[in-house]
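We name chains A, B, ... by the order of the sequence lines, and we start the count at 1 in each one.
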2 protein chains.
Amino acid sequence: MDSVVRGLEAQGMQVDWAKNGQEGFERAVAEHYDLVISDVMMPRMTGVEMVTRLRKQQYAGPILLLTGMGEVDQKIAGLEAGADDYLTKPFDMGELVARVHALVRRSQGVHSRHAVLRIGDLEVDPQARTVRRNEQPIQLTQKEFELLLYLVRHVGRVISKKEIAEQVWDIHFDSSTNVIEVYMSYLRNKVDKPFSHPLIHTSFGVGYVLRPPDEAV
Amino acid sequence: MDSVVRGLEAQGMQVDWAKNGQEGFERAVAEHYDLVISDVMMPRMTGVEMVTRLRKQQYAGPILLLTGMGEVDQKIAGLEAGADDYLTKPFDMGELVARVHALVRRSQGVHSRHAVLRIGDLEVDPQARTVRRNEQPIQLTQKEFELLLYLVRHVGRVISKKEIAEQVWDIHFDSSTNVIEVYMSYLRNKVDKPFSHPLIHTSFGVGYVLRPPDEAV
DNA sequence: CTCAATTCTAAGGAAATTCTAAGGAATGGG
DNA sequence: CCCATTCCTTAGAATTTCCTTAGAATTGAG
């Protein structure tokens with residue numbers, strides 16, 4: 001499972017992981033994901049049950065099931081419950097990536113193949129892990145890039161420090177550290193300071209938000 | 001119970017709490033809530049009786065029951081009386097949040113994912129904690145935002161200062177402070193002053209009210 | 001119209017939060 | 001092993017928010 005996560009992340013995807021069916025279900029309902037990948041055999045809730053419940057809850061996004069060699073009826077039951085596709089273990093990473101791309105693309109009705117994210121004059125390429133602003137390349141460290149990517153993927157929404165801690169640092173928020181502030185400062189030095197309009201804004205007492213330049217404050 | 005309140009508040013929800021069944025019933029009838037959560041075992045009125053009476057009073061919103069491990073018949077009775085869902089204690093917070101979201105979403109017939117509240121040309125997004133009027137973003141502090149949100153969630157109704165003190169400041173009204181007047185002034189400076197029609201109105205001797213621009217006074 | 005009660009708002013200080021410079025620990029390539 | 005880079009901690013500076021105070025303005029009753 002861990003290799004799946006790492007494999008997809010290597011493709012520039014943002015992956016969130018739940019350790020059992022119950023938890024996965026809750027997260028899928030509570031947050032927004034482009035795609036859900038689920039094993040059919042999971043503690044606390046099977047993949048089939050998860051699909052059933054997700055569809056019942058009006059979750060409309062694509063769901064990909066991973067099944068073991070022998071679990072044929074689980075596979076069928078899963079598809080009938082509303083899964084979009086399945087993959088039989090063992091599979092290779094390329095196969096998985098291809099299916100993920102296909103499903104996401106289909107559900108979004110566009111080719112998100114080479115999706116360069118653009119916010120004003122800022123360009124972020126999750127695949128290549130490169131950043132440019134005003135045609136000028138910006139060199140970021142790993143963590144800086146992940147932080148920026150998270151902000152970019154939620155433009156216009158104020159992101160709490162708690163959320164950043166969990167999603168980018170994988171830590172349950174701990175007020176004794178101020179890594180986030182420090183990294184935000186690094187990011188601003190590279191992404192905002194050399195340019196005329198700042199994109200990163202502080203929402204005092206709450207968190208941070210990336211805002212396109214045309215929206216006046 | 002207290003942890004339930006705090007957990008939901010941590011999700012950005014606005015939570016009101018009653019210490020017994022009788023009081024809960026009265027509040028649910030008197031005010032508007034998106035969702036009622038009720039324990040089945042409560043002093044002065046059981047959860048099942050509460051559901052029965054609420055439905056009799058035409059209360060149409062969702063009701064979520066919390067039942068103890070052994071209270072199976074209470075559970076069934078509750079659902080038959082018109083509850084929408086139940087959760088058996090002990091449960092984890094994520095599960096509760098997921099159900100709350102699901103119930104509220106279902107009852108509102110939309111994905112409340114991007115539930116933007118609109119009053120005339122004013123837009124308030126509780127998730128993103130952003131405010132815009134006439135397409136123009138408005139920067140508010142935490143307290144200012146909470147105050148505005150409370151007004152927005154009770155459009156057209158005159159809100160007493162006592163109620164604001166309790167709901168927004170969590171203080172039992174204390175006439176020695178005029179924080180509310182001060183913050184109302186801040187809010188007007190940002191939300192009303194730069195625009196042609198004021199939305200915030202003073203009801204002398206009573207409190208304040210947010211009114212859409214077309215409704216004459 | 002007058003007056004008391006209520007509300008509005010400008011100013012400022014305390015408290016909380018955020019920013020940033022500096023340096024130590026961890027990591028990885030040569 | 002050494003050096004360079006990245007990551008994170010620390011701590012004080014800077015900023016922002018929150019609330020109080022006090023006087024001005026407004027309101028409604030008589």
Engineer: Among the nucleotides C:dC8, C:dC19, C:dG12, which one has an atom lying closest to any side-chain atom of B:Y186?
Structural biologist: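 The answer is C:dG12, which lies nearest to the side chain.
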Engineer: Rounded to whole Å, please give me the gap between CD in B:E144 and P in D:dC19.
Structural biologist: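 Rounding to the nearest Å, CD of B:E144 and P of D:dC19 are 11 Å apart.
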Engineer: Describe the nucleic acid contact of A:Q142 in one word from base, sugar-phosphate, nothing, applying a heavy-atom distance below 4.0 Å.
Structural biologist: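 Sugar-phosphate, backbone atoms only, no base.
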Engineer: Starting at CD of B:E146 and ending at C1' of D:dC19, how long is that distance when rounded to a whole Å?
Structural biologist: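 Computing the B:E146:CD to D:dC19:C1' distance gives 15 Å.
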Engineer: For the side chain of B:F204, starting at C-beta, report the closest nucleotide among C:dT6, D:dC8, D:dT16.
Structural biologist: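 The listed nucleotide nearest to B:F204's side chain is C:dT6.
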Engineer: State whether B:T202 places a side-chain N or O below 4.0 Å from either non-bridging phosphate oxygen (OP1 or OP2) of C:dC8.
Structural biologist: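 So the side-chain polar atoms of B:T202 do come within 4.0 Å of the phosphate oxygens OP1 or OP2 of C:dC8, strictly under.
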Engineer: Is a side-chain donor-acceptor pair under 3.5 Å present for B:Q22 with B:E26?
Structural biologist: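 On atom types as modelled, these side chains qualify, holding a pair under 3.5 Å.
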Engineer: Measure from CD1 on A:I180 to P on C:dC19 and round the result to the nearest Å.
Structural biologist: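 My rounded result for the distance is 11 Å.
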Engineer: What is the distance from CE of A:M184 to P of D:dA14, rounded to the nearest Å?
Structural biologist: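 The distance from CE of A:M184 to P of D:dA14 comes to 22 Å, rounded to the nearest Å.
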Engineer: Tell me if the aromatic rings of B:Y183 and B:W169 count as close, with their centers under 6.0 Å from one another.
Structural biologist: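 Aromatic pair counts; centres sit under 6.0 Å.
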Engineer: Using 0.5 Å steps for rounding, measure from the CD atom of A:E123 to the CD atom of A:E135.
Structural biologist: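 Spacing of CD (A:E123) from CD (A:E135) equals 6.0 Å.
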Engineer: Please report the distance, rounded to the nearest Å, between OH in A:Y183 and P in C:dA21.
Structural biologist: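 In whole Å, C:dA21 P and A:Y183 OH are 16 Å from each other.
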Engineer: Output, in order, the C-alpha distance, side-chain angles, deciding distance and verdict of salt bridge (charged side-chain N to carboxylate O under 4.0 Å, His left out) for B:D192 and B:R133.
Structural biologist: CA-CA 9 Å; B:D192 272 347; B:R133 186 164 176 187; 3.0 Å; yes
Engineer: Looking at D:dC18, I'd like to know if its phosphate oxygens (OP1 or OP2) sit under 4.0 Å from a side-chain N or O belonging to B:T141.
Structural biologist: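 Yes, within the criterion.
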Engineer: Could you tell me the separation between the CD atom of A:E181 and the C1' atom of D:dA11, rounded to a whole number of Å?
Structural biologist: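 Rounding to the nearest Å, CD of A:E181 and C1' of D:dA11 are 13 Å apart.
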Engineer: What is the distance from CZ of B:F145 to P of D:dT16, rounded to the nearest Å?
Structural biologist: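 Spelled out: CZ on B:F145 to P on D:dT16 is 20 Å.
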Engineer: Is any N or O donor-acceptor pair between the side chain of B:N178 and the base of C:dT9 shorter than 3.5 Å?
Structural biologist: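 Flag set: donor-acceptor pair detected.
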Engineer: With the side chain of B:K143 defined as its heavy atoms from C-beta on, choose the nearest nucleotide among D:dC18, D:dC7, C:dC8.
Structural biologist: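 Nucleotide nearest to B:K143's side chain: D:dC18.
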Engineer: To the nearest Å, give me how far apart CH2 (A:W169) and P (D:dC7) are.
Structural biologist: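 Spelled out: CH2 on A:W169 to P on D:dC7 is 9 Å.
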Engineer: May I ask you to verify if any side-chain N or O of B:K161 is less than 4.0 angstrom from the OP1 or OP2 atom of C:dT7?
Structural biologist: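 It does, given that an N or O in the side chain of B:K161 lies less than 4.0 Å from OP1 or OP2 of C:dT7.
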Engineer: Counting side-chain heavy atoms from C-beta on, which of D:dC7, D:dC18, C:dC19 comes nearest to A:R188?
Structural biologist: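 The listed nucleotide nearest to A:R188's side chain is C:dC19.
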Engineer: Less than 3.5 Å apart, any donor N or O on the side chain of B:T202 or B:R188 sitting next to an acceptor on the other?
Structural biologist: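 B:T202 vs B:R188: donor-acceptor pair found between side chains.
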Engineer: Any idea which of C:dC19, C:dT7, C:dT9 is nearest the A:Y208 side chain?
Structural biologist: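 When the side chain of A:Y208 is considered, C:dC19 is the closest of C:dC19, C:dT7, C:dT9.
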